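Predicted model only: the values in this text are computed from it and were never measured. Naming: A, B, ... by sequence-line order, numbering from 1 per chain.
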Amino acid sequence: MPDFSRISEVPIDPKKGAIRREGISSILNPFDSHALEEALRLRETHGGRVTAITMGPPQARTMLRDALVMGADAAVLLSDPAFGGADTLATSLVLAEACRRLAPFDLVICGQETADSGTGHIAPSLAEWLALPQITFARKIEIRDKLLWAQRAIEDGYQEVEGAMPMVVSVTREINQPRPLRVRSVAEAMTKGITTWNLAGLGLEPKNLGLAGSPTQVPRLFPPQLRPEAQIFGGSAPEAVESLVTRLRELRAI
Amino acid sequence: MDFTLPEEQETYRRVARSFAESELAPSAAAVEERAEFPWENVRLLAEEGLFGMAVAPKYAGLGLGALNSAIVLEEICRCCCNTGAILQGTMVCAHLLEKYGSESVKQRYLVPVAQGKSVAAFAATEPQSGSDIMSHTTGAARDGEHYVINGRKAFIGNALEADFVVALARTQSPGSRPSFSWVAVDRNTEGLSVGRREKTLGVRALSVAEVSFKNVRTPVSNLVGAEGEGLAILSSGLHWGNIFLMIEVIGVAQAALEASMQYAKERRSLGVPIAQHQAIQFMISDMATELEMCRLLAHKAAWLHDQGLPFDRYATMLKIAAPDMAMRVTDKAIQIHGAAGYCQDFPVERYWRQARLYSIGEGTSEMHRQALARLLFREGG
């Protein structure tokens, strides 16, 4: 995802209704760092190979290099101007095709959502495109007798589920603490190539990709207007909450 | 000519920044305030293998080379100058040991340094003479298979915590021409004592103290380089060390620039952020321009070293330019912050105090100007 921490204004492309990403470096989506960490831990326990995949502009390569520094065995960048402006459906279509080309695999592990758009759609969409079972919001996963067992977070607690692999899993931030990037790991990471696949390489139809392939249209993207005024609701906590809810209803915020 | 940092260097920069921001930055102000050796930070650097980052893998180092090491060190110093200064002092010793030490010296002293198990101090300056090396009096007299060292070294960085000292001493016979040599001396050698910690203006966690030698016996096998090669080694070692010393202050200046830009975006006057005022814009522009010029010079010197090409000229230019740049940058940083910049709640006064060291340490700017002039007249401009 774009690294907004070092710029003062988010540049928006009014035609695409999307963030203009040229010149903005990419960082690893924080949720995906947990996904990568979990993949590395599973590899340490069960063996195997970890491939980091992302769809993004060319600068997303730096994020993939960081994934290799963390310990991924390989990295794939899916990049083409035709992919730009994609919603989660068009994005997951491209990612699914990449997964097919990397098959066979046991698991596709995703972060539960991106920190910028926060839809949480990618993992379920991937599972559907790939016709694979899915477990979302996993806060703990284990491989038990060739099945994947997971404890998934739900609103009022958690549930335990298991299923046959190959499978798509999305993980929460609770699942682990990602290992830090280490200077001593850079040299080895630099020996690993980053494969780039574009539109031609994936053999997809342009009409299903990017803005053209996105049923979700963003009519307008704008930074929130800062309102200097504030309203304080006093009284006891229940009284303040009741006043707040009333006001939010007046403002049609809820 | 491609001036973009290759992916490898960008990766080192990014990874080092990630480490420094998460592990060093949060405690940087406290480290300076406490004025104590930051053992926890040193442990973190050791775990990362950074004390050996410029040392060859055969001696337990990471073998990053000068350019990659400079990039990593800048990120460390951007977040915590004290930690970077401790690292640089040890790196200079490691460089001397690797380049000039015998195999036994390397195994005994260099490997533990690279492994992060040993802190080193580099001792050249004396109380009565710093730049005037010919007036140095610390001597190492040969006694069988030992040197007996007598004298005093002053303003030695890492002095209180060093496990060993690499010291410059006169090794000439009476009546013969001046001759200097470098010798490694274990900290716990009888007769070696360390004075009180100096209360310095900045970089306060770096211990600076006098090291005294009173009939200190060290094996002849602890020579670093051949006897009598001390001045040549000093010159060579200082040029290499100066790249990294100046990278420290470049890191500090970068921090000052970033702090100033952030403050300028937040502080408002006359209804707008002060970043929109021309006076502030001019200062920020000058700071960024001068900083980048010095960084490019540092990278050039480091790159030339890595290619095995002469780099002395650029290391000397860097040693002249970077301290003055950093003083201007940190001074402007305080000015941009106004009264807040004069208060310790904001980091810029710390950067200003830290920056002041660098026109003095490892050869004053004046000495380097003299040395550069000699080089230019000898080799051409």
Side-chain angles (χ1 to χ4, degrees), chain A residues 1-10 22-30 32-34 36-37 52 54 56-72 75 77 79 173 177-196 223 226 228, chain B residues 4-24 44-57 60-65 67-76 87 114-116 254 257-258 261-266 268 271 273 275-276 284:
Chain A
M1 55 170 274
D3 182 5
F4 297 125
S5 66
R6 304 191 192 283
I7 58 174
S8 54
E9 254 184 62
V10 176
E22 295 80 23
I24 303 178
S25 58
S26 291
I27 56 169
L28 186 57
N29 173 33
D32 289 342
S33 66
H34 293 270
L36 176 57
E37 173 64 29
T54 194
Q59 57 263 37
R61 190 183 168 86
T62 60
M63 180 277 298
L64 286 175
R65 184 61 66 191
D66 288 353
L68 292 171
V69 174
M70 265 182 84
L77 172 64
S79 188
R173 297 182 79 158
Q177 177 61 38
R179 64 199 64 188
L181 300 177
R182 307 192 83 104
V183 169
R184 61 166 73 244
S185 301
V186 172
E188 186 184 348
M190 292 307 302
T191 66
K192 300 173 184 171
I194 297 175
T195 303
T196 302
L226 290 176
Chain B
T4 55
L5 270 188
E7 187 181 355
E8 180 186 359
Q9 275 73 51
E10 270 300 328
T11 305
Y12 275 115
R13 186 194 59 76
R14 205 167 54 248
V15 171
R17 178 168 290 205
S18 169
F19 165 77
E21 285 183 348
S22 62
E23 304 293 345
L24 304 179
L44 290 169
L45 292 186
E47 268 182 13
E48 294 297 309
L50 296 182
F51 283 102
M53 63 177 167
V55 177
L62 298 182
L64 299 194
L67 180 56
N68 289 334
S69 299
I71 288 167
V72 170
L73 183 63
E74 182 186 338
E75 294 302 325
I76 289 171
L87 173 58
Q115 292 172 329
Q254 177 66 29
L257 171 63
E258 291 179 28
M261 291 179 68
Q262 187 61 37
Y263 187 81
K265 285 189 283 191
E266 293 169 356
R268 298 178 73 86
Q276 293 185 26
I284 293 290

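Salt bridge annotation for A:Arg184-B:Glu48: absent, with no cationic side-chain nitrogen under 4.0 angstrom from a carboxylate oxygen.
Heavy atoms of A:Val183 lying under 4.5 Å from chain B belong to its backbone as well as its side chain. Heavy atoms of B:Gln262 lying under 4.5 Å from chain A are absent altogether. For chain B, no part of A:Leu68 is nearby; none of its heavy atoms comes within less than 4.5 Å.
Of all heavy-atom pairs between B:Arg14 and A:Arg65, the closest is NH2-CB, 3.8 Å.
Here B:Glu10 contributes atom CD and A:Thr62 contributes atom OG1; the two are 8.5 Å apart, rounded to the nearest 0.5 Å.
Contact count versus chain A (heavy atoms, under 4.5 Å) is highest, among B:Val15, B:Leu62, B:Asn68, for B:Val15.
Heavy-atom neighbours of A:Glu188 CD from other residues, nucleotides or ligands within 6.0 Å: at or below the threshold of 12. In A:Met190, the CE atom is crowded: over 12 heavy atoms of neighbouring residues, nucleotides or ligands sit closer than 6.0 Å.
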